[in-house]
Amino acid sequence: MKNVKTILLSVVALILVSCGTTSTVPITGRKQSLMVSDEEVLSLSNQQYQEYMKTAKASTNATQTAMVKRVGQNLANAVVSYLNANGLGAEVSQYKWEFNLVQDKQVNAFCMPGGKIVVYEGILPVTQDEASLAIVLGHEIAHAVAKHSAERLSNAYKQQYGMQILSAVAVGAGASTTLTQLGTQVLGVGAQAWSSGFSRKQESEADHMGLIFAAMAGYDPQVAVNFWQRMSSATGGGSSSIFSDHPTDATRIKQIQGWLPEAQKYYKPQASTGKKSSTKSSGKTIKISSKKKK
């Protein structure tokens with residue numbers, strides 16, 4: 001039975017590997033297999049983004065809103081310049097960068113494909129300054145540049161196809177119903193764990209790329225360590241479960257410390273990047289939430 005399961009899973013793996021196109025992630029050089037096009041992903045994400053912005057409440061703090069847009073655009077300009085200089089400009093040619101600050105006390109921010117980035121007011125008391133905000137925005141921009149959403153969607157397709165293929169191959173090979181169900185269950189559990197690990201890999205990759213993007217834009221990458229220490233205190237340190245889709249803050253900090261020498265090579269300080277950010281919105285102090293972070 002063990003040999004049969006091994007053969008079935010091997011067949012599934014071979015079929016899935018042959019699907020999709022291969023591309024290379026900037027900075028890290030990691031190869032990725034994508035089963036969806038930029039046009040497909042951007043069309044879907046733009047619809048979702050517009051729906052979200054209809055219900056979200058834009059921040060009424062003009063100073064903080066301007067800061068988020070300014071730091072975000074500085075990063076986007078630096079990233080696009082880097083990609084153009086390295087013959088990768090086509091990878092983001094369809095992106096329309098937007099940076100929005102919304103009224104939400106969660107310690108969070110998120111990015112949608114195509115350069116649509118939203119920052120929650122609740123994260124500003126943790127960032128405290130523009131350089132630390134640049135670490136957050138660099139991380140989100142990295143998700144867009146590395147096409148992590150397209151990769152996750154491709155992964156979901158592969159899992160769905162894998163289940164269907166495994167069942168068809170097993171039946172075609174004359175396997176019993178019990179064995180077929182068992183094989184599907186094994187693949188299902190394995191896919192869940194692999195998907196979680198896959199997400200952790202993406203988060204770490206975004207940390208790596210984001211650190212360098214912040215440095216390219218003239219923000220000191222060394223602030224990332226203290227920022228993540230503050231994040232750890234504010235949000236509880238992250239999960240260590242095999243099924244967690246984020247690395248623990250301790251892991252992130254250790255990895256960032258290892259990437260700092262590389263990031264420093266890109267860092268050219270700018271006099272305008274050291275401003276302190278206010279921790280107030282509409283005259284009220286924002287309380288730090290313990291909800292899940294990005």
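The closest side-chain donor-acceptor pair between Asp207 and Ser204, if any, does not fall under 3.5 angstrom. Residues Glu121 and Gln106 bring no donor and acceptor atom of their side chains to less than 3.5 Å of each other. Between the side chains of Gln32 and His148, no donor N or O sits under 3.5 Å from an acceptor N or O. Using a 3.5 Å distance cut-off with no hydrogens or angles, the side chains of Tyr49 and Asn100 do pair a donor with an acceptor. With 3.5 Å as the limit, one finds no donor-acceptor pair spanning the side chains of Tyr267 and Gln222. His143 and Glu205 share no donor-acceptor pair across their side chains, judged by distance under 3.5 Å alone. Counting only N and O atoms by type, the side chains of Thr22 and Lys31 include no donor and acceptor under 3.5 Å apart.
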Q | CA sep, side-chain torsions, deciding dist, call: Trp97, Ile141, side-chain contact (heavy atoms from CB on, under 4.5 Å) | A | CA-CA 9 Å; Trp97 300 99; Ile141 287 173; 3.8 Å; yes
Q. Under the side-chain hydrogen bond (donor to acceptor under 3.5 Å, both in side chains) criterion, do Thr127 and Arg230 qualify, and how do the steps go?
A. CA-CA 8 Å; Thr127 56; Arg230 294 194 298 272; over 6 Å; no
- Evaluate the criterion salt bridge (Lys or Arg N to Asp or Glu O under 4.0 Å) for residue pair Asp38 and Lys147; output intermediate values, then yes/no. CA-CA 9 Å; Asp38 284 348; Lys147 301 184 179 181; 3.0 Å; yes
- Message: Working note: Arg252 + Glu203, criterion side-chain contact (heavy atoms from CB on, under 4.5 Å); need CA distance, chi angles, decisive distance, verdict.
- Response: CA-CA 9 Å; Arg252 288 182 123 153; Glu203 290 298 321; 3.2 Å; yes
Let's go through Met53 and Val118 carefully: what are the C-alpha distance in whole Å and the side-chain angles of both, what is the deciding distance for side-chain contact (heavy atoms from CB on, under 4.5 Å) to 0.1 Å, and is it a yes or a no? CA-CA 9 Å; Met53 291 306 298; Val118 174; 4.3 Å; yes
Walk me through whether Lys69 and Glu98 qualify under salt bridge (Lys or Arg N to Asp or Glu O under 4.0 Å). CA-CA 8 Å; Lys69 292 182 180 296; Glu98 286 188 33; over 6 Å; no
Check step by step if side-chain contact (heavy atoms from CB on, under 4.5 Å) holds for Arg152 and Ser199. CA-CA 8 Å; Arg152 290 193 183 193; Ser199 298; 3.5 Å; yes
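Between His139 and Ile135, every side-chain heavy-atom pair lies at or beyond the 4.5 Å cut-off. Inter-residue side-chain proximity for Arg30 and Glu151 is flagged as met; some heavy-atom pair is nearer than 4.5 Å. Proximity of Val145 to Glu91: side-chain heavy atoms (C-beta onward) are nowhere separated by under 4.5 Å. Annotation: side chain of Leu133 is not in contact with side chain of Asp129 (no heavy-atom distance under 4.5 Å). Side chains of Gln48 and Tyr52 form no contact here, defined as non-hydrogen atoms less than 4.5 Å apart. Residues Trp228 and Ile256 have side chains in contact (heavy-atom distance under 4.5 Å, counting atoms from C-beta outward). A heavy-atom distance below 4.5 Å is found between the side chains of Pro221 and Leu260. With contacts defined as side-chain heavy-atom distances shorter than 4.5 Å, the pair Phe227/Val136 qualifies.
Remark: Gln229 pairs with no residue by the side chain to side chain donor-acceptor pair (under 3.5 Å) rule, at least two apart or across chains. The side chain to side chain donor-acceptor pair (under 3.5 Å) check on Ser81 picks up nothing, with sequence neighbours excluded.
The OG1 atom of Thr60 sits 9.0 Å away from the CG atom of Leu101 when rounded to the nearest 0.5 Å. Taking OG from Ser132 and CG from Asn226, the interatomic distance works out to 7.5 Å, rounded to the nearest 0.5 Å. Within the model, atoms CD1 of Ile27 and CZ of Phe213 stand 5.0 Å from one another, a figure rounded to the nearest 0.5 Å. Atom CG of residue Asn61 and atom CE of residue Met67 lie 8.0 Å apart, to the nearest 0.5 angstrom. The distance from the NZ atom of Lys201 to the OG1 atom of Thr28 is 10.0 Å, given to the nearest 0.5 Å. Atom CD1 of residue Ile123 and atom CD of residue Gln128 lie 11.5 Å apart, to the nearest 0.5 angstrom.
Aromatic ring centres of Tyr266 and Tyr219 lie farther apart than the 6.0 Å criterion allows.
Gly138 and Leu75 get closest at one heavy-atom pair: N-CD1, 3.8 Å. Minimum heavy-atom separation, Asn46 to Lys116: OD1-NZ, 3.9 Å. In plain terms, the two heavy atoms of Asp220 and Val223 that are nearest each other are O-CG2, 3.2 Å. Considering all non-hydrogen atoms of both residues, Phe99 and Ala76 come closest at CZ-CB, 4.1 Å. The heavy-atom pair separating Ala146 from Met209 by the smallest distance is CB-SD, 4.0 Å. When all heavy atoms of Val126 and Ala234 are compared, the pair lying nearest together is CG2-CB, 4.2 Å.
Counting only distance, with no hydrogens or angles, the side chain of Ser154 and the backbone of Leu34 share no donor-acceptor pair below 3.5 Å. The closest donor-acceptor contact from the side chain of Ser45 to the backbone of Pro113 lies under 3.5 Å. Judged purely by atom type and a 3.5 angstrom limit, Ser43 has no side-chain atom pairing as donor or acceptor with the backbone of Glu40. Tyr95 places a side-chain N or O within 3.5 Å of a backbone atom of Ala144 that can act as its donor or acceptor partner.
Ion pairing of Lys54 with Glu51 is present here, as a side-chain N (NZ or NE/NH1/NH2) and a carboxylate O approach within less than 4.0 Å.
Residues Val41 and Leu44 do not share a hydrophobic cluster, clusters being chains of Ile/Leu/Val/Met/Phe/Trp/Tyr side chains in contact below 4.5 Å.
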